[in-house]
Amino acid sequence: KELGDPSANFLPLEMDLTNEQSVKNAIEVTVSHFKTIDVLVNNAGYGLWGMFEKLTLTEQFNMMQLNMQTLVGLTHYFIPILKKNKSAFILNTSSTAAFQAIPALSVYAASKAFVLTFSRGLQMELKKTKKPKVKSKQRKNFHCAKYCFFFSWCFGLINCFFFSLY
């Protein structure tokens, strides 16, 4: 099928990840289509290069919104859905920037440190329930379970793909 044609295994959606209602609508459509979600992959994010004082606050706040607040919001929305499954997983993609201060990428590096620390804390919180499992990875390799909710930032566009591997 052409990209954009929904099928039993693939559901492309366009949304604004910084708009709460847009995200809620996408989640409803996805759960309605697949009946369940097994994996949440938070991979959306971007970095601004430049001296902190030279970048506008609006630019930096927008980056922080997507890199941190949207990730927290999506995780919060999905935990109740993921807990309904025998095995569920949350993968929050961070960056090696999470481990160091980087001149001209100060806010970006801080936002990725947030993702790493948030993921570790959430993993500890959910350890007793054993689901969903939470990981923060600084690489792109991962294995998806049955139905995935995947966000990616590419060429200035946010793409949201739901797909099945079975």
Could you walk me through whether N85 and T36 pass side chain to side chain contact (heavy atoms under 4.5 Å, CB included), step by step? CA-CA 8 Å; N85 300 317; T36 186; 2.7 Å; yes
Audit row: N19, L17, side chain to side chain contact (heavy atoms under 4.5 Å, CB included) steps and yes/no: CA-CA 5 Å; N19 180 297; L17 286 175; over 6 Å; no
inquiry  = Before you tell me yes or no, could you show the steps for F118 and T75 under side chain to side chain contact (heavy atoms under 4.5 Å, CB included), namely the whole-Å CA-CA distance, both residues' side-chain angles and the distance that decides it to 0.1 Å?
reply    = CA-CA 11 Å; F118 170 71; T75 303; 4.1 Å; yes
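Residues that satisfy the side chain to side chain donor-acceptor pair (under 3.5 Å) test with S106, not counting sequence neighbours, are absent from this structure. For E59, the side chain to side chain donor-acceptor pair (under 3.5 Å) test picks out T56, with sequence neighbours left out.
Contact check for L126 versus K83: side-chain heavy atoms found under the 4.5 Å cut-off. Side chains of F114 and V72 form a contact here, defined as non-hydrogen atoms less than 4.5 Å apart. With a 4.5 Å cut-off on side-chain heavy atoms, Y77 and V23 count as touching. Under the 4.5 Å side-chain criterion, counting only non-hydrogen atoms from C-beta, I37 is in contact with T30. Side-chain contact between V115 and N67 is absent, with no heavy atoms from C-beta onward closer than 4.5 Å. Residues L82 and D38 are not in side-chain contact: their nearest non-hydrogen atoms beyond the backbone lie 4.5 Å or more apart. Side-chain contact check for V39 versus V41: some heavy-atom pair is nearer than 4.5 Å. In this structure, I90 and I79 have side chains that are in contact, with non-hydrogen atoms separated by less than 4.5 Å.
Among residue pairs with one or both ends in residues 23-34, those qualifying as salt bridge (charged side-chain N to carboxylate O under 4.0 Å, His left out) are E20-K24; sequence neighbours excluded.
Between the OG1 atom of T96 and the CD1 atom of I102 there is a distance of 6.5 Å, given to the nearest 0.5 Å. Atom CH2 in W49 sits 11.0 Å away from atom CG in L55 (nearest 0.5 Å).
M124 is not connected to L40 by any chain of hydrophobic side-chain contacts under 4.5 Å among Ile, Leu, Val, Met, Phe, Trp and Tyr, and they are in different clusters. No single ILVMFWY cluster, assembled from side-chain heavy atoms under 4.5 Å apart, contains both M51 and M64.
For the residue pair S95 and K112, the shortest heavy atom distance occurs at CB-CG, 3.7 Å.
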